[in-house]
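Reviewing the structure listed below.
Per chain, numbering begins at 1; letters A, B, ... match sequence-line order.
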Amino acid sequence: MNSFLLAREWGQEPNSSFRRQLLQHRLQRLALNPDVKIKRRHGAGILGSVNALSIDNTIHQLMVSGGANSSINVWDLQNIDQKEDEDLILDTLNAVPARTSHKFGITDLHWFPFDNGIFTSSSFDHTLKVWDVSTLQEAYTFTMEDMIYSHAWSPIASHCLIATAYRSSSIRLCDMQSGSYTHSLSGHTGNVLAVDWCPKNEFVLASGSADGTCRLWDIRKVSSSFACMDLHNKYLPSNQTNISHYGTVNGLAWTSDARYLASCGTDDRIRVWNMESGRNTLREFGPIIHNQTTSFAVHPCMIQPSMDSDVFVLFPNDDGSLALLNLLEGSFVRRLSTHSLKRINCAAYRPDFEQCFTGDMNGNIYMWSPKALKSPTKISDLETRRNIIQEVYDSLINIPVTYQ
Amino acid sequence: MTYVTYLHKPSSIRNAVFCKFVNASSWNVIVAKVNCLEVYSYENNRLCLITSANIFAKIVNVKAFKPVSSPTDHIIVATDSFRYFTLFWDANDNTVSNGIKIQDCSERSLRESQSGPLLLVDPFQRVICLHVYQGLLTIIPIFKSKKRFMTSHNNPSLHDNFSVRIQELNVVDIAMLYNSSRPSLAVLYKDSKSIVHLSTYKINVREQEIDEDDVVCHDIEEGKLIPSENGGVFVFGEMYVYYISKDIQVSKLLLTYPITAFSPSISNDPETGLDSSIYIVADESGMLYKFKALFTDETVSMELEKLGESSIASCLIALPDNHLFVGSHFNNSVLLQLPSITKNNHKLEILQNFVNIAPISDFIIDDDQTGSSIITCSGAYKDGTLRIIRNSINIENVALIEMEGIKDFFSVSFRANYDNYIFLSLICETRAIIVSPEGVFSANHDLSCEESTIFVSTIYGNSQILQITTKEIRLFDGKKLHSWISPMSITCGSSFADNVCVAVAGGLILFFEGITEVGRYQCDTEVSSLCFTEENVVYVGLWSADIIMLTYCQDGISLTHSLKLTDIPRSIVYSQKYGDDGGTLYVSTNNGYVLMFNFQNGQVIEHSLRRNQLGVAPIILKHFDSKEKNAIFALGEKPQLMYYESDKLVITPLSCTEMLNISSYVNPSLGVNMLYCTNSYISLAKMSEIRSLNVQTVSVKGFPRRICSNSLFYFVLCMQLEESIGTQEQRLLSFLRVYEKNTLSEIAHHKFNEYEMVESIILMNDDKRVVVGTGFNFPDQDAPDSGRLMVFEMTSDNNIEMQAEHKVQGSVNTLVLYKHLIVAGINASVCIFEYEHGTMHVRNSIRTPTYTIDISVNQDEIIAADLMKSITVLQFIDDQLIEVARDYHPLWATSVEILSERKYFVTEADGNAVILLRDNVSPQLSDRKKLRWYKKFYLGELINKTRHCTFIEPQDKSLVTPQLLCATVDGSLMIVGDAGMSNTPLLLQLQDNIRKVIPSFGGLSHKEWKEYRGENETSPSDLIDGSLIESILGLREPILNEIVNGGHEGTKLDISVQDLKSIIENLEKLHP
């Protein structure tokens, strides 16, 4: 560290390379933060599980969590920043109690990309609700025919379309401006579990389905998808009969430069697709992925600590651990474990703060942050240490020595 | 509003080109310094600055190319943010003009190349190649046809660029090869397993394509590429030099150090007289080599010949006549004469020095009697130096005469309108020299003698020379010598008009008219000095620590006055104020003080005594005769000049430091006004009338990192790289070195442990002890987990002694004094220590976000700057360290300083600066705990240290109050000031008008250049750029008129052109 600082002091290394390396290094040091405890607010028992988490995209200060008991909590993360040292128990800022609005469990939560006043929630109760954060009142409800697995906002679009994946083989687009459905995209042969918008082109949508395919859609065209990924790289992506995963595709995420798409499936694989050629990059992360969920979408949490750094994926595993993967290198970096064998359902990354939040089946929300280098010296520590040594010494000199 | 200007402009040179820029018949060297291009002409073995151009962007590379249609070379400048433009010399206007305006080739989605931006020009002038992103080459074809040049006016030299993909992502270096058929490239790159390969490409300009060529080489070393005229390429790796071409695959030569810079060979021009098969190369240790490759049919033999050591080079330019320009980032840039066998010199000789103080790691301001000086820790590796920057009077040597053993000298004007006689007084010899009007020196044997001379002047209305030696008083009328031989040895003497006065051993003072004795006075003790002034008054300094004033008149000699001193007077000079009947008597004492008594009508004005300590040894005082100033030289350990400027005594240092004696010497035909000598030579020199910034270099073993000072010493934390012969590994060693302020010599040092890096030092309140903080950097650790705090004190026998040691769990990155406590930034914490009874105690500590980099304190706040998480405001109340407020933005701080109450100035690693505000009266807790961004702007350079200080005292009517001084990696010192509420609107409008009226180089926008640059967005800057406003002073009246009247849709200002000029002059006074 200090030799890096010396090189920077001399103007030999630009700060950008130092920043990239340090941020990557810190990401690899992610660990459970023992000082921050987040209160359990999603009920007890089997329905106490946390199903979805989302952190707002503007100032990265508000987080919403949704539980299997249909409750939604809003958390102010600034409280964590302000009292990071002492043992902090973070309590909810505002909450929608269970069964007051949604009837069944929450499946997905997303903030409106352009301000932190609105978020949307989808649920097993067939509804997608739009929330006003300041009052925590539902502003609008879209009702589908069946339970909704996940939904997605476009991070760049001028249109206000929410793509929803519900228990059907088509994707429905809900228009926030008119409050109605514009159209559906059909072409999958199984239930669609995951959807994600392309971060560079507002009309391109990616979807993953139980038929084992991962497709790309141009929403302006009513026809079938324009690409279907082939895991063998044997056929062109335009071939509609390609297979992307041996099993249900239950999660999708784009990299921020829209050059790669990561998909995960119940075949315990994460595949990385090159979005220029549409081909499988054949990245292999090994046997640490455990992913059998089909009840809602599992979002691989895409992390890029700085503009020019590597892209990492934090993948919530079935066995209660998180897998940290380097997406483009195709390497497994670390396994982060909560030591409870219950599944982690969701993970969210808080940019600029290097914090990660996870929600699991036990109903706990944990905060992960880079391990501090060294805790500061406290007088009390020094004194207690001194006393212990004194005690040991005292005990030793008071032992009567006997010779036989 | 914040006002920023340069005290010292950036001086680090990273790029330079050699081309025919100004005209087709002479050569120019163009150097790039951060955001400034300087055009030098190369003539008479010197580089002379022709012009400089301020670019509103950071220059990353500059290259020359020659469009067919143009008689001269154009230059292409690549800037940060992935843009380029071209410039050429407009012969009609005699200025640098814009060729192609800024071309943006940025693409946000691509990743920047790890090797940094590369800019290359085809040796056959067909294309220019730019590599900034991984896997992407931007090709810019150079215009070929003359016809099209006539028609397209706005795009005369280059075609539009196009981009091609290459497969190599991790490029180490690229070179353009000598291939006459098609422009070709060699790419040195690393694959995913970090193995280095070389591949080649051919560019197809017409099809805008790139084809792979068949020359490839695998498993070589990372390094630099140099194209060879024979079509191949040299790879200067870490261990070997390889030669790779179609015919010859690999040839190797062992190297000692990796090559970092090389001179491009200029083979197309035989006029340069350079041998194109020879390259000058430099390595990391600053060693220069001559590299020669001899080609036979199948092999190539390479030869590397050591030339000598120089500054660590960032760029080299081979010049005709065996000269070499070395541009450096770490030390002064130099123009060298290379050794040549024919001329029979084997050493590198420095012909010209270009001062560079980059990179500045730390600095302090040292205020003493002679004004402020800035001491910087500059340089790195072997080129570490301390630089002492003073606002001093510059002395320029005109002629040097090598001569040793000179004690004193005198010059006199004898029947001439200039000083035509010089007397050199040696220990037991005097040599007289006659200077002819043409400046030819010849010895005069009549006046030379076997004794040393004490005093020389002319008497009898300039008709005779009076010379007082230790034995006699001699009068010389041009032909004959008359003398009076003293019975005892003469200790001092002086004269006024025709009256002469000498003191001989035994304390006897004799008065003469010519050489006729007219009176005598016996003192109680020996005479140490005397000074004969007007009205026949003699001031005599006695060894009994008295000064007596003797008046000589027809009736005899009377003691009119006496002054009792505490110290023994050693040198006395009386200076009359012009147009006043009073005067000042300057007395230097044996312990380095200069006392000043003001006289009025022969009486001491009461309470007029002033004491100034100028050194520790006795100081020689001498008159300096000048038309404008009635000044006095004071020569102690360092030479100084004392004079009155509007009734205020000014003591300024002189830029030359190793003087033994000094005298004024008037000779207008030679352009000199003073004479000084050192151990080895006498110099005829010109002293300038105005003060300017002068940089003195003190070389340091290793490189300095931190500095602090007390009244006597500089305490410098140094490190040095040492190579162990056995393991061939480099180790960093740390030292605390103590330098005496007056002599600037190292008098003591302390060596720290192995792997221990010195990080911080402060002086404690008692002005004696210093506290040093270190951290252990073991090679297998990411961050230090242990360190030490140590207290040192100078002992009476000039040794440095450790008094206390305290182990801490991390590296002590920064230390400051807070009241009587020591605040230390240790890894991710801030700790407060107290030093009591020889031990350190922890008083309290608090955790900070990631890594504490810098701390600043005032009465009740402690501000900690974090490596990546901006700043935290802490308070120490009732023995508790608590966090009061914090900024939650990710900001990579490098230094912090408190600007004013609750305003904090933070500098960022990408060159931004932010002023943060703490709202401590807000009714809401969350507002009080959160710092607000008040102002943000871009400064352009990474700032290593910010300190509160004013180097030059602001004048009463100054528009801007200077507040902070920032030192940067590129060797600039920036003044950050406040323009005040009333001046801000005018200055802002003026800045806006200048932006609109003055065309910028490359069409770059100054407004954009100063914008704050975040990772994802830029935002307008709140800043008045002093260097922009000052740049218009030299412009012609019509342009100034346009600025005042708001041309190009600007706002009309309420001032006249004359007002504008006085505003700028006012602003310019902030810095010399």
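Of the inter-residue distances, the one linking B:Asp383 atom CG with A:Trp10 atom CH2 reads 10.5 Å to the nearest 0.5 angstrom. Atoms CG and CG, from B:Asn944 and A:Leu5 in turn, are 10.0 Å apart once rounded to the nearest 0.5 Å. Distance check, rounded to the nearest 0.5 Å: CD of A:Glu9 to CG of B:Asp362 gives 8.0 Å. Note: B:Thr774 OG1 to A:Asn2 CG = 10.0 Å, rounded to the nearest 0.5 Å. To the nearest 0.5 Å, atom CD of residue A:Gln12 and atom CZ of residue B:Phe330 are 4.0 Å apart.
Residue contact with chain A, scored on non-hydrogen atoms closer than 4.5 Å, is absent for B:Gln134. With a 4.5 Å cut-off on non-hydrogen atoms, B:Ile853 touches chain A through its side chain but not through its backbone. Residue contact with chain B, scored on non-hydrogen atoms closer than 4.5 Å, involves the backbone of A:Ser309 exclusively. Neither the backbone nor the side chain of B:Asp970 comes within contact range of chain A; no heavy atoms are under 4.5 Å apart. For A:Phe353, the parts lying under 4.5 angstrom from a heavy atom of chain B are both the backbone and the side chain. For B:Phe703, the part sitting under 4.5 Å from any heavy atom of chain A is the side chain, from C-beta outward, and nothing else. The contact between A:His25 and chain B is made entirely by side chain atoms (from C-beta outward), counting heavy-atom distances below 4.5 Å. There is no contact between A:Asp76 and chain B, counting heavy-atom distances below 4.5 Å. Contacts between A:Arg8 and chain B at a heavy-atom distance below 4.5 Å involve backbone atoms as well as side-chain atoms. With a 4.5 angstrom heavy-atom cutoff, B:Gln114 touches chain A only via side-chain atoms. With a 4.5 Å cut-off on non-hydrogen atoms, A:Leu22 touches chain B through its side chain but not through its backbone.
Side-chain contact check for B:Met868 versus A:Leu23: some heavy-atom pair is nearer than 4.5 Å. Residues B:Tyr888 and A:Leu77 have side chains not in contact (no heavy-atom distance under 4.5 Å, counting atoms from C-beta outward).
Top candidate by heavy-atom pairs under 4.5 Å with chain A, chosen from B:Lys869, B:Lys930, B:Glu112, B:His889, is B:Lys869. Between chain A and the residues B:Arg705, B:Glu759, B:His329, the most heavy-atom pairs under 4.5 angstrom are made by B:Arg705. Annotation: maximal heavy-atom pairing with chain A below 4.5 Å, among B:Arg14, B:His841, B:Glu908, B:Met719, occurs at B:Arg14. Note: B:Asp910 leads B:Thr968, B:Leu942, B:Asp910 in heavy-atom pairs under 4.5 Å with chain A. Heavy-atom pairs under 4.5 Å with chain B were tallied for A:His60, A:Glu354, A:Glu329; the largest tally goes to A:Glu354. When each of B:Leu732, B:Asn813, B:Leu867 is scored by its heavy-atom pairs under 4.5 Å with chain A, the top score falls to B:Leu867. Contact tally against chain A (heavy-atom pairs below 4.5 Å) for B:Ser811, B:Ser926, B:Ser378, B:Ala909: the top residue is B:Ala909.
Within a 6.0 Å sphere centred on CZ of B:Arg928, heavy atoms belonging to other residues, nucleotides or ligands number more than 12.
In this view, A:Gln28 and A:Phe312, A:Val333 satisfy the side-chain contact (heavy atoms from CB on, under 4.5 Å) rule, not counting sequence neighbours. For A:Tyr366, the side-chain hydrogen bond (donor to acceptor under 3.5 Å, both in side chains) partners two or more places apart in sequence, or in a different chain, are A:Asn364.
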